[in-house]
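Chain naming here is simple, since letters A, B, ... match the order of the sequence lines and numbering starts at 1 in each. All values below were derived from every heavy atom in this structure, side-chain atoms included, with hydrogens, water molecules and symmetry-related copies excluded.
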Amino acid sequence: MTGPETPRPSDFIRDIIKEDMETGKYGGRVHTRFPPEPNGYLHIGHAKSICLNFGVADEFRGLCNLRFDDTNPAKEEVEYVESIKEDVLWIGYDWGDRMYYASDYFDQMYAYAVELIRMGKAYVCDLSAEEIREHRGTLTQPGRNSPYRDRSAAENLELFERMKAGEFPDGSRTLRAKIDMTSGNINMRDPVMYRILHAEHHRTGDKWCIYPMYDYAHCVSDSIEGITHSICTLEFEDHRPLYDWFLDELKVECHPQQIEFARLNLSYTIMSKRKLLQLVEGGHVKGWDDPRMPAISGLRRRGYTPESIRNFCDRIGVAKRDSMVDMALLEFCIREDLNKRSPRVMAVLRPLKVVIVNYPENKSEELTAVNNPEDPGMGTRTVPFSRIIYIERDDFQEVPQKQFFRLSPGREVRLRYAYYLTCVGVVKDEKTGEVVEVHCTYDPATRGGDSPDGRKVKATLHWVSAAHAIEIEARLYNTLFLKADPDDVEEGQDFRSNMNPDSLETLAARAEPCLSDAKPGDRFQFERMGYFCVDPDSSGGKPVFNRTVTLKDTWAKVRKKGK
RNA sequence: UGGGGAGUCGUCCAACGGCAGGACGGCAGACUCUGGAUCUGCUUAUAGGGGUUCGAAUCCUCUCUCCCCAGCCA
């Protein structure tokens, strides 16, 4: 991957690989893999793994495979395969012609299993799931051997063959590795290698009714693909001895090294696929691609760019300690990117009517606005202006609080790219006392936004012409959870009790007419309000905009403190 | 209390026996036709105790805290 991202700092994994390259450990070869299970959508935590695995491969002139870890037909679906491919590509990485499935290797895995049985290193066990659990012991007590542990190789071979042939019902037998029931590492207490599952597999159909377990399938898959560095998350750390045991016993040529790093935790959101699914199925969000979801598809719909996500992954680093990255960093990354590339446009989210009393009734004019002050190459556009305009409700205070220097009675402000404007009166709702209309005068000499006499104004407001503005729907998003750690709950509660009831606010807003041409996926900065991205829900004349992120809002802080 | 890991600014990541540094956040200021952007400055950090050493975040040792593991899930 090439790009303008900040230079990649090193980390302990890159240090290991660098050393392996220098010592020629794998003949100077680096080959990684990204191995998602197709049982859910990818999220920002997967992006960290994708950037690590593909990134490392690129940096060391190696390769990275995409491999679907599809060893559990009960939970996996093709729908997920397609979304995962789309998301990896979108993030900016390409597996070339190396897209594999663990299920591609089922024949080889079976052959290896037979080999282990022959060597007396695996046996068919007739214990039920519950009995296996009882025999496994506990964290502090050793397990007991299965009564079937010492079957002859011949008997095991025959039984395993019959398991494969479908002679036994689900759960009636397993193939187990014969290791050590007294090991302090529970993974080594004769782990199950194969279970019987009469289930249709999304790729192999009904060819198999026995399926390999992760620990057995993963190391064998890595070995078959010639992986050199098998990078995974911390919870697999105590599976490493088992990973190595299988490959050592099988005496395979390629024995990759497993390296574990800490998974990503992001404040104010959750990363567990199971919990994310709960949000979707419980109707708390509209789907995996709901812009509030940390799923890649959600971030994409929200308006995040692939560049910003890659940059974020670079900045968070890679280490072994559990951590919680501040959401503010992700927001910084998207602002930084969008600031450089987004065209600016004016939209009024919460309109307040302004009548410019000294502006001619039937007149309108075209004013020139800069598309992006950060990039003059993006040119200019014209914006229509007329007697009645809308400004942001928050930009007017009848009785200005301390440090408020926007519009209020008697005060002059600038309308961006238009004129200086002075408030001369207000119209209130008789019942509520709420200001429903503001009356102002403009100074014709300030056309374009500069005053010939050099007088200064403290605020510049965005606006739209009432007669020309188009109606848009603005969807404002806030964090899905109220606590930085959504799992921090009272006894008996779960993460859902920390959900933010105001994570979505839908507004009928007004925008300058050029936005009527906006296409889903187009991104804009609504001046002073934030970055917005056109949602696929947009129909005909009414675009829907998702707020990707607000602009940094110094005033909001000042106001909060002043209260 | 078995096994495996991890402890450095508020947060994340560096420093690999030799000046504890960067980024984000926060605070203050400059500038500004976005209270945006940009720029400048500031920011109570090596879990604790012993030891080795001229010198320790780094090595040794004891202690403490946190995370993971008892799926026929991955």
Engineer: Classify the nucleic acid contact of A:Phe68 as base, sugar-phosphate or nothing, counting any heavy atom under 4.0 Å across all strands shown.
Structural biologist: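 Here A:Phe68 touches no strand at all.
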
Engineer: On a whole-Å scale, what distance lies between the C1' atoms belonging to B:C72 and B:U8?
Structural biologist: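 About 43 Å, rounded to a whole number of Å.
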
Engineer: With A:Phe12, which residues qualify under side chain to side chain contact (heavy atoms under 4.5 Å, CB included), at least two apart?
Structural biologist: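 Applying side chain to side chain contact (heavy atoms under 4.5 Å, CB included) to A:Phe12 gives A:Ile16, A:Ile259, A:Phe261, A:Val318, A:Lys320.
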
Engineer: Can you tell whether the side chains of A:Arg455 and A:Asp453 come within less than 4.0 Å, N to carboxylate O?
Structural biologist: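 Looking at A:Arg455 and A:Asp453, the cut-off is met.
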
Engineer: Considering only B:U1, B:G25, B:C12, which nucleotide approaches the side chain of A:Met324 most closely?
Structural biologist: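 Given the options B:U1, B:G25, B:C12, the side chain of A:Met324 is closest to B:C12.
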
Engineer: Do you know the tightest heavy-atom contact between A:Arg393 and A:Pro351?
Structural biologist: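 Shortest heavy-atom contact: NH1-O, 3.3 Å.
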
Engineer: Determine the Euclidean distance between corresponding P atoms of B:U58 and B:G51; express it in Å to zero decimal places.
Structural biologist: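 That atom pair is separated by 14 Å.
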
Engineer: Expressed in whole Å, how much space separates the P atoms belonging to B:C24 and B:A20?
Structural biologist: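 Comparing P positions in B:C24 and B:A20 gives a spacing of 23 Å.
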
Engineer: Taking the P atom of each, how far is B:A30 from B:G48, in whole Å?
Structural biologist: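 Taking atom P in both B:A30 and B:G48, they lie 40 Å apart.
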
Engineer: Rounding to an integer number of angstrom, what distance separates B:C68 and B:G29 when you compare their P atoms?
Structural biologist: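 Here B:C68 and B:G29 have their P atoms 44 Å from each other.
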
Engineer: Can you measure A:Met346 atom CE to B:G36 atom P for me and round it to whole angstrom units?
Structural biologist: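 From A:Met346 CE to B:G36 P: 18 Å.
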
Engineer: For A:Tyr211, report the nucleic acid contact type (base, sugar-phosphate, nothing); a contact means any heavy atom under 4.0 Å.
Structural biologist: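 No contact at all - A:Tyr211 keeps every heavy atom at 4.0 Å or more from the nucleic acid.
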
Engineer: Look up atom CE in A:Met181 and atom CZ in A:Arg144, then write down how far apart they are to the nearest 0.5 Å.
Structural biologist: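 A:Met181 CE to A:Arg144 CZ: 8.5 Å, rounded to 0.5 Å.
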
Engineer: Can you list the stems that include RNA chain B, where a stem is three or more consecutive Watson-Crick or G-U pairs with distances under 3.5 Å?
Structural biologist: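 For RNA chain B the paired stretches long enough to count as stems (3 pairs minimum) are B:2-7 with B:64-69, B:10-13 with B:21-24, B:25-30 with B:38-43, B:47-51 with B:59-63.
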
Engineer: Just to be sure I understand the rule, does A:Asp215 reach a base, reach only the sugar-phosphate, or reach nothing, if contact means heavy atoms closer than 4.0 Å?
Structural biologist: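 If one applies the 4.0 Å heavy-atom cut-off, A:Asp215 turns out to touch nothing in the nucleic acid.
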
Engineer: Rounding to the closest angstrom, what is the interatomic distance between B:A70 and B:A57 at atom P?
Structural biologist: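 Straight-line distance between the two P atoms is 39 Å.
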
Engineer: Does anything in residues 177-199 of chain A pair up under ring pair (Phe, Tyr, Trp, His ring centres under 6.0 Å), and if so which pairs, sequence neighbours excluded?
Structural biologist: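 Those involving residues 177-199 of chain A are A:Phe160-A:Tyr194, A:Tyr194-A:Tyr216.
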
Engineer: Could one point to a donor on the side chain of A:Arg406 or the base of B:G35 with an acceptor on the other under 3.5 Å away?
Structural biologist: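 Answer is yes: a donor-acceptor pair is held.
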
Engineer: Within this structure, what is the CZ-to-C1' distance between A:Arg240 and B:G5, rounded to whole angstrom?
Structural biologist: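 Result: 10 Å.
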
Engineer: Could you give the distance separating B:G10 and B:A45 at their C1' atoms, to the nearest angstrom?
Structural biologist: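 Taking atom C1' in both B:A45 and B:G10, they lie 10 Å apart.
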
Engineer: With sequence neighbours excluded, tell me which residues meet side chain to side chain donor-acceptor pair (under 3.5 Å) with A:Tyr211.
Structural biologist: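 Side chain to side chain donor-acceptor pair (under 3.5 Å) check on A:Tyr211 returns nothing, list empty.
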
Engineer: It should be established whether A:Arg321 places a side-chain nitrogen or oxygen under 4.0 Å from OP1 or OP2 of nucleotide B:G5.
Structural biologist: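 The answer is no; no side-chain N or O of A:Arg321 sits under 4.0 Å from OP1 or OP2.
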
Engineer: Please determine whether any donor N or O and acceptor N or O are separated by less than 3.5 Å between the side chain of A:Gln525 and the base of B:U34.
Structural biologist: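 Under the 3.5 Å cut-off, the side chain and the base do form a donor-acceptor pair.
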
Engineer: Output yes when A:Glu235 and A:Arg263 qualify as a salt bridge under the 4.0 Å nitrogen-oxygen rule, no when they do not.
Structural biologist: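 Yes, A:Glu235 and A:Arg263 are salt-bridged.
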
Engineer: Charged N to carboxylate O below 4.0 Å: is that the case for A:Asp15 and A:Lys18?
Structural biologist: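 No, this pair does not count.
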
Engineer: Is A:Pro36 touching bases, backbone alone, or none of the nucleic acid, heavy atoms closer than 4.0 Å?
Structural biologist: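 The answer is nothing, as A:Pro36 stays clear of every strand by at least 4.0 Å.
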
Engineer: Across nucleotides 39-46 of chain B, 5' to 3', mark each nucleotide with B, S or - according to how protein heavy atoms within less than 4.0 Å reach it.
Structural biologist: --------

Engineer: Run the salt bridge (Lys or Arg N to Asp or Glu O under 4.0 Å) test against A:Glu77 and tell me which residues pass, sequence neighbours left out.
Structural biologist: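 Listed in chain order: nothing, the list is empty.
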
Engineer: A:Asp487 CG to B:C66 P: how many Å, rounded?
Structural biologist: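 Rounding to the nearest Å, CG of A:Asp487 and P of B:C66 are 17 Å apart.
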
Engineer: Identify the pairs formed between an N or O of the protein and an N or O of nucleotides 68-73 of chain B at a distance under 3.5 Å, and give each distance.
Structural biologist:
residue : atom : partner  : partner atom : Å
B:A70   : O2'  : A:Arg136 : NE           : 3.2
B:G71   : OP2  : A:Arg136 : NH2          : 3.0
B:C72   : OP1  : A:Arg136 : NH2          : 3.3
B:C72   : OP2  : A:Arg136 : NH1          : 3.0
B:C72   : N3   : A:Gly171 : O            : 3.2
B:C72   : N4   : A:Leu127 : O            : 2.8
B:C72   : N4   : A:Ala129 : N            : 3.1
B:C72   : N4   : A:Gly171 : O            : 2.9
B:C73   : OP2  : A:Arg195 : NE           : 3.0
B:C73   : OP2  : A:Arg195 : NH2          : 2.9
B:C73   : O3'  : A:Arg195 : NH2          : 3.1
B:C73   : O2'  : A:Asn72  : ND2          : 3.1
B:C73   : O2'  : A:Lys75  : NZ           : 2.9

Engineer: Provide the full list of salt bridge (Lys or Arg N to Asp or Glu O under 4.0 Å) pairs with a residue in residues 189-198 of chain A, sequence neighbours left out, each pair given once.
Structural biologist: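 Salt bridge (Lys or Arg N to Asp or Glu O under 4.0 Å) check on residues 189-198 of chain A returns A:Arg149-A:Asp190.
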
Engineer: Would you confirm whether A:Asn72, through its side chain, and A:Ala74, through its main-chain N or O, come within 3.5 Å as a donor-acceptor pair?
Structural biologist: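 Pair found, side chain donor or acceptor close to backbone of A:Ala74.
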
Engineer: Run through A:Thr548, A:Asp337, A:Asn311 and flag the one making a side chain to side chain donor-acceptor pair (under 3.5 Å) with A:Thr305.
Structural biologist: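 With A:Thr305 as partner, side chain to side chain donor-acceptor pair (under 3.5 Å) holds for just one option, A:Asp337.
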
Engineer: Between A:Arg341 and A:Asp375, is there a side-chain N and carboxylate O pair less than 4.0 Å apart?
Structural biologist: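 No, no charged N to carboxylate O under 4.0 Å.
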
Engineer: Within the structure shown, what part of the strands sits under 4.0 Å from A:Gln403 by heavy-atom distance: base, sugar-phosphate, or nothing?
Structural biologist: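 A:Gln403: base contact, heavy atoms under 4.0 Å.
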
Engineer: Checking A:Asp222 against A:Tyr243: is there a side-chain donor and acceptor pair closer than 3.5 Å?
Structural biologist: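 Yes, A:Asp222 and A:Tyr243 have a side-chain donor paired with an acceptor closer than 3.5 Å.
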
Engineer: Going by number, which of residues 260-275 of chain A have a non-hydrogen atom under 4.0 Å from RNA chain B?
Structural biologist: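 Listed by number, there are none.
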
Engineer: Does the side chain of A:Phe545 reach to within under 4.5 Å of the side chain of A:Leu515, using non-hydrogen atoms?
Structural biologist: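 Heavy-atom side-chain distance check passes, below 4.5 Å.
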
Engineer: Could you write nucleotides 17-24 of chain B as a row of B, S and -, 5' to 3', where a protein heavy atom under 4.0 Å of any base atom gives B, of only sugar-phosphate atoms gives S, and otherwise -?
Structural biologist: ------SS

Engineer: Output the rounded distance in Å from CG (A:Asp314) to C1' (B:C12).
Structural biologist: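 Taking CG of A:Asp314 and C1' of B:C12, I get 13 Å after rounding.
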
Engineer: Looking only at the side chain of A:Thr554 (C-beta and beyond, no hydrogens), which of the listed nucleotides B:A14, B:G36, B:C27 gets closest?
Structural biologist: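 For A:Thr554, the side-chain atoms sit closest to B:G36.
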
Engineer: How many whole angstroms separate atom CZ of A:Arg14 from atom C1' of B:A14?
Structural biologist: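 Distance check: A:Arg14 CZ to B:A14 C1' gives 14 Å.
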
Engineer: List the residues meeting side chain to side chain donor-acceptor pair (under 3.5 Å) with A:Arg33, not counting sequence neighbours, and say none if there are none.
Structural biologist: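 With neighbours one apart ignored, the set is A:His218, A:Ser230.
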
Engineer: How far does the C1' atom of B:U43 sit from the matching atom of B:C9, given to the nearest Å?
Structural biologist: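 Those two atoms are separated by 8 Å.
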
Engineer: Can you measure from CD (A:Glu22) to CD1 (A:Ile17) and round to the nearest 0.5 angstrom?
Structural biologist: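 Output value for this atom pair is 12.5 Å.
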
Engineer: Could you check B:G22 for me: syn (within 90° of 0) or anti?
Structural biologist: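 Chi for B:G22 falls in the anti range.
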
Engineer: Which part of the nucleic acid, if any, lies within contact of A:Glu527, taking any heavy atom under 4.0 Å across all strands shown: a base, the sugar-phosphate backbone alone, or nothing?
Structural biologist: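 The answer is base, as A:Glu527 lies within the cut-off (heavy atoms under 4.0 Å) of a base atom.
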
Engineer: List for me each residue that meets side chain to side chain contact (heavy atoms under 4.5 Å, CB included) alongside A:Tyr268, sequence neighbours excluded, and say none if there are none.
Structural biologist: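 Partners of A:Tyr268 under the side chain to side chain contact (heavy atoms under 4.5 Å, CB included) test: A:Thr479, A:Ala484.
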
Engineer: Nearest 0.5 Å, what's the CG-OH distance between A:Asp87 and A:Tyr80?
Structural biologist: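 It comes to 12.5 Å.
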
Engineer: Using a cut-off of 4.0 Å on non-hydrogen atoms, how would the nucleic acid contact of A:Ile316 be classed: base, sugar-phosphate, or nothing?
Structural biologist: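 Since only primed, P, OP1 and OP2 atoms lie under 4.0 Å of A:Ile316, the category is sugar-phosphate.
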
Engineer: Please report the distance, rounded to the nearest Å, between NZ in A:Lys320 and C1' in B:G5.
Structural biologist: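 To the nearest whole Å, that distance equals 6 Å.
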
